[in-house]
Amino acid sequence: MGYDFQTIETKWQRIWEERRAFEVETDPSKPKFYCLEMFPYPSGALHMGHIRNYSMGDMLARFLRKRGMNVLYPMGFDAFGMPAENAAIKYKTRPHDWTWKNIEHMTIQLKRMGYSYDWRRRVESCNPDYYRWNQWIFLQMYKHGLVYQKEAPVNWCEPCGTVLANEQVEGGTCWRCHHPVIKKNLKQWFIKITDYAQELVDDIETGLQGWPERVRIMQRNWLGRSEGACLEFEVLDLNYTIPAFTTRFDTVFGITFIALAAEHELVALMLNKMEEGEAQKMRDFVAQCMAQSSIERSDAGAEKLGFKTPFCGLHPVTGKPIPIWIANYILMDYGTGAIMGVPGHDQRDFDFCRKYGIDVIPVINPEGETLDGATMETAFEGDGFVCNSGQFNGLPTQEAIPTMIDWGEKEGYCSREIQFRLRDWLISRQRYWGTPIPFVHCPHCGTMPIPEDQLPVLLPEDVEVREVGRSPLLDRPEWLSTLCPQCGQPAQREADTMDTFFCSSWYFARYCSPGYTQAPFDTKDTDYWMAVDQYIGGIEHACLHLIYARFFTKFLADIGMLKVREPFTNLLTQGMVIKDGAKMSKSLGNVVDPTEIVSTYGADTARLFILFAAPPQNDLDWSERGVEGAHRFIGRVWRCVEDNLDSLRTHEGRRVPMKALKKPELRDFKRKIHSAVAAVTRDIEEEKQFNTAIARLMELTNAIYAFHPEDETGHALQREAVDSLLHCLSPFCPHVAEELWEMLGNKTLLSLAPWPTVEDEALVADVVTIVVQINGKLRARLELPAGLGKEELEKVVMEDASVQERLQGREPIKKIVVPDKLVNLVVKN
RNA sequence: GCGGGGGUGGCGGAACGGCAGACGCGCCAGACUUAGGAUCUGGUGCCAUUGGCGUGGGGGUUCAAGUCCCCCCCUCCGCACCA
């Protein structure tokens, strides 16, 4: 009987399911652990990235279960989104049918991997039982003033036919299709995530200690908090004031121009007052700016272009008129879309002024230097001393900034302000396959929310998607037409759906009470299970899902539904699975299908290899040879049980304590067993180094092979070793471990059996290798009894013949003695 | 440009400031075999004769540096006209 993984894996998956081994309940009397992986989009098939992600999570969940925790470990599907619409067109099906077919197929695939999910808790975001709560939460946000509609220049992806949130624009391109994003003026739905900007920044320090530093930095940069001041320019001949934000109020006396973004609202007001010829030129310039894609406009190296308007704004301090320009490098997305131009101390402004012949007035001198605006070749952006600024001359920069803002506030020239880069979350999408936004447009009452008791607003499922970029909802008059909940008159439904990131912003709370019908979740469940103790997923969500979910959690806490303000206590971002140096992709043809690996080698092998081949955060290079190696190791474990089965079965459960062992080889073996268990525990629990944990198991296996029991004690030790090995292997290769456990005569489930305890006295060595160095170089190794004191150790080493030979009569001028470790003798030459 | 990783055998990767290269892959040899691409055992950083040299390069701290400090090079990843 060999290692028949197919039979074994099917068998144990069936038994776990029959015995409901991994179903858990809220139970405040038990310590809990919430282990979660980012739920997948039901694209149709699992890929290696999924396998890697879930193999880590399942290993942890299984480990912690054996460590005595009540482990919540659920799985679900992020099931709304564009690919379903594209597939519907391509395969002439319905997004609904395609998605559900994929969900069922992928669930089977996941089950074949032996992942220990509590499947009763499966959540699908396209299920009305789920998305009704999207709508409900959206209405709560609306009630709390966090939802609004606004016409604004927004990111538009032409191929996708929809708008995008700022977070979904990557380097000026659409995060999904990577086509350049353009700006369009559209009326859209927004969520005021910016109300939480400060807390989102603050809690990076206090609440995300368990996150990789990299992700914390990415979020900090994305939120982009900067302190400064806001000042206003009163525009001459127009009843308008331009607010502008600056972090360098100390350079306020160096303003020589004002610059506006092309989208600035003042542009239209100015055009109204301008004579036609000039107005046309300005319109052309604005059009030219706006025609640039986001990529072009955000390229720091691009040429700065400007247009001088015939208007001036008054300098808030000096009252001098300052010319107003429109410039292509001013972003409407940041600050107020207008800046105070200080060419002396901002390189962009400097380049702009040199090009258009605008004056440069230095107001900060570097230490020991005096700048000349006429001859400067670059802006001076560093710290220095204020000049050309009246009473403030001579102040060092770091002092000048707060001093001058204080003065400006007192005199009414400015107000202290904190600016964030984060913009409000554009939540509406011109898509079909998503959560309907629960609002109607009534000609009399305006835009009205659907009352909560009328939720969900169901998404019609029997649709035909004909073309990309046209929601079939627009062709459903019977769905669009409804009655206004306020006046009862005919009204139109909102046809936009929600960004699918809305769904994924709170699903972790839904897992806590998946069937709950009174609210998104039952607080008695979330109070127990939340926050997620370990979250695992890709780094690509650093500034998307991981920010949105944090925001949701804070909002839900504010309305009294959650007790935690951060959703994920610890975050593990796993590296990519690559092959031949490149990310696995269909176009490169280097994709390895998990299904094939599972049928060739089994799920246990796939899991073991993927956890062994690289540390979790690193990219993992897929290697067929490596997979074979993992498979070989499992075979080795199998044989070491099978070959000794009779003796193993008859020596069950009797641990021989260290002090009862006399023979050195028995003591050594016992020590190897316990240090292996201790190391595996530490590697998983503290270091999160799963690859080295597996290496320990291989060492233990090698030790078992090398050990040949000669007496009853030896046989008992061998059994202890095998038991320990199976326990430790069980989170990694649960099926084969369970099978071998049963072969040994056990009736219980290994998956639920307690993790082995480590006997501390079995970790203490009898003999240690003392490294003897001379001038830091290894010169001898001495096997000596452990626990020698410094003096004693020094004496033994100095008396050793090989050491004396090495010293060749030289007397050490210094002796470094580290007990149980090394002796370093320092000699002259 | 700014920020963050990372550079260790033929390869993936190990190493509380204390024996560099655990474990695995590959390779070499042996055993068992009709056979071996199965299995088991042993070997395997480089150069050489004792002995040297080795963790991207160069300095430094230290009895001792892959590990700490300074400078430089290369690479991957984020962000990038953020006022």
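Proteins come first, then strands; the chains are lettered A, B, ... in the order of their sequence lines, and each starts at number 1. All heavy atoms count here, side chains included; hydrogens, waters and symmetry mates do not. Quick caveat, the model's predicted, so the values are computed rather than measured.
Rounded to a whole angstrom, the distance from the C1' atom of B:C77 to that of B:C70 is 26 Å. B:A83 and B:G6 are spaced 29 Å apart, taking the P atom of each and rounding to whole Å. Nucleotides B:G17 and B:U39 are separated by 39 Å at their P atoms, to the nearest Å. Taking the P atom of each, B:U41 and B:G56 are spaced 35 Å apart, rounded to whole Å. Nucleotides B:U67 and B:U8 place their C1' atoms 12 Å apart, quoted to the nearest Å. B:G5 and B:G10: their P atoms are spaced 28 Å apart (whole Å). For B:G66 and B:G54, the P atoms lie 10 Å apart once the distance is rounded to whole Å. Going from the P atom of B:A20 to that of B:G26 covers 28 Å, rounded to whole Å.
Across all strands shown, B:U67 forms no Watson-Crick or G-U wobble pair with both distances under 3.5 Å. Nucleotide B:G17: unpaired (no Watson-Crick or G-U wobble partner with both distances less than 3.5 Å). Pair check for B:C2 finds B:G78; Watson-Crick or G-U wobble, both atom distances under 3.5 Å. The partner of B:C27 is B:G43, judged by Watson-Crick or G-U wobble contacts that both fall below 3.5 Å.
In terms of position along RNA chain B, the nucleotide closest to A:Leu620 lies nearer the 5' end than the nucleotide closest to the other residue of the pair A:Asp333 and A:Leu620. Comparing A:Arg806 and A:Arg625 by the nucleotide of RNA chain B that holds the closest heavy atom to each, the one mapping nearer the 5' end is A:Arg625.
Using a 4.0 Å heavy-atom criterion, one finds that A:Leu822 contacts the bases of the nucleic acid, with or without backbone contacts as well. If you check every strand for non-hydrogen atoms under 4.0 Å, A:Asp621 touches nothing. Here A:Arg214 lies in heavy-atom contact (under 4.0 Å) with sugar-phosphate atoms only. Within 4.0 Å of A:Val826, counting heavy atoms only, lie sugar-phosphate atoms of the nucleic acid but no base atom.
Taking the side chain of A:Tyr334 as heavy atoms from C-beta on, and the options B:G18, B:C23, B:A83, the nearest nucleotide is B:A83. The nucleotide whose nearest atom lies closest to any side-chain atom of A:Ile816 is, among B:A83, B:C63, B:A15, B:C63. With distances taken from any side-chain atom of A:Asn824 to the nucleotides B:A22, B:G52, B:G18, the minimum falls on B:G18. Residue A:Thr246 has its side chain nearest to B:A83 when only B:C63, B:A22, B:A83 are considered. When each of B:C81, B:A80, B:C23 is scored by its nearest atom to the side-chain atoms of A:Arg421, the top-ranked nucleotide is B:A80. The listed nucleotides are B:C16, B:C23, B:C77; the one nearest the side chain of A:Lys821 is B:C16. Closest contact between the side chain of A:Gln689 and the listed nucleotides B:G78, B:A15, B:C19 involves B:A15. Closest approach to the A:Thr769 side chain among B:A83, B:C19, B:C23 is made by B:C19 (side chain taken as heavy atoms from C-beta onward). Side-chain proximity of A:Leu331 to B:A83, B:G18, B:G13: nearest is B:A83. Comparing B:A15, B:C81, B:A83 by their closest approach to the side chain of A:Lys304 singles out B:C81.
Note: CD (A:Gln617) to P (B:G13) measures 12 Å, nearest angstrom. Summarising the geometry, the separation between CD on A:Glu381 and C1' on B:C81 is reported as 11 Å, rounded to the nearest angstrom. Look at CG on A:Asn618: it is 16 Å from C1' on B:C23, rounded to the nearest Å. Atom CD of A:Glu167 is separated from atom P of B:G78 by 17 Å (rounded to the nearest Å). We find that CD1 of A:Ile634 is positioned 13 Å from P of B:C25, with the value rounded to whole Å. Atoms CZ (A:Arg607) and C1' (B:G24) sit 19 Å apart, rounded to a whole Å. To the nearest angstrom, C1' of B:G78 lies 14 Å from CZ of A:Arg220. The separation between A:Glu227 atom CD and B:A83 atom P is 12 Å, rounded to whole Å.
Between A:Arg216 and the phosphate of B:G3, there is no side-chain N or O to OP1/OP2 separation shorter than 4.0 Å. Neither OP1 nor OP2 of B:C19 sits under 4.0 Å from any side-chain N or O of A:Gln773. Checking the phosphate oxygens (OP1, OP2) of B:C82, no side-chain nitrogen or oxygen of A:Arg423 falls inside 4.0 Å. At B:A80, none of the side-chain N or O atoms of A:Asn221 fall inside 4.0 Å of OP1 or OP2 (strictly under the cut-off). In terms of phosphate contacts, A:Asn691 brings no side-chain nitrogen or oxygen within less than 4.0 Å of OP1 or OP2 of B:G12.
To the nearest 0.5 Å, atom CZ of residue A:Arg216 and atom CG of residue A:Leu546 are 13.5 Å apart. In this structure, A:Leu725 CG and A:Arg696 CZ are separated by 14.5 Å, a value rounded to the nearest 0.5 Å. With rounding to the nearest 0.5 Å, the separation of CH2 in A:Trp222 from CZ in A:Phe420 is 14.5 Å. Atom CD of A:Gln398 sits about 8.5 Å away from atom CG of A:Asp250, to the nearest 0.5 Å. For the atom pair A:Cys733 SG and A:Phe609 CZ, the distance stands at 13.0 Å (nearest 0.5 Å).
Taking syn as a glycosidic angle within 90° of 0, B:G43 does not qualify and is anti.
Between A:Arg220 and A:Glu205, at least one side-chain nitrogen of the basic residue sits less than 4.0 Å from a carboxylate oxygen of the acidic one, meeting the salt-bridge criterion. Comment: A:Glu783 does not engage A:Arg781 in a salt bridge, judged by the lack of any side-chain N to carboxylate O separation of less than 4.0 angstrom. In summary, A:Glu699 and A:Lys672 do not engage in a salt bridge, as defined by a charged side-chain N under 4.0 Å from a carboxylate O.
Atom NZ of A:Lys795 has 12 or fewer heavy atoms from other residues, nucleotides or ligands within 6.0 Å. With a 6.0 Å radius and a threshold of 12 heavy atoms from other residues, nucleotides or ligands, A:Glu805 has its CD atom at or below the threshold.
A donor-acceptor contact shorter than 3.5 Å is absent between the side chain of A:Asn328 and the backbone of A:Cys289.
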Annotated protein contacts, base or backbone, on nucleotides 29-50 of chain B with a non-hydrogen cut-off under 4.0 Å, one of B, S, - each: ----------SSS---------
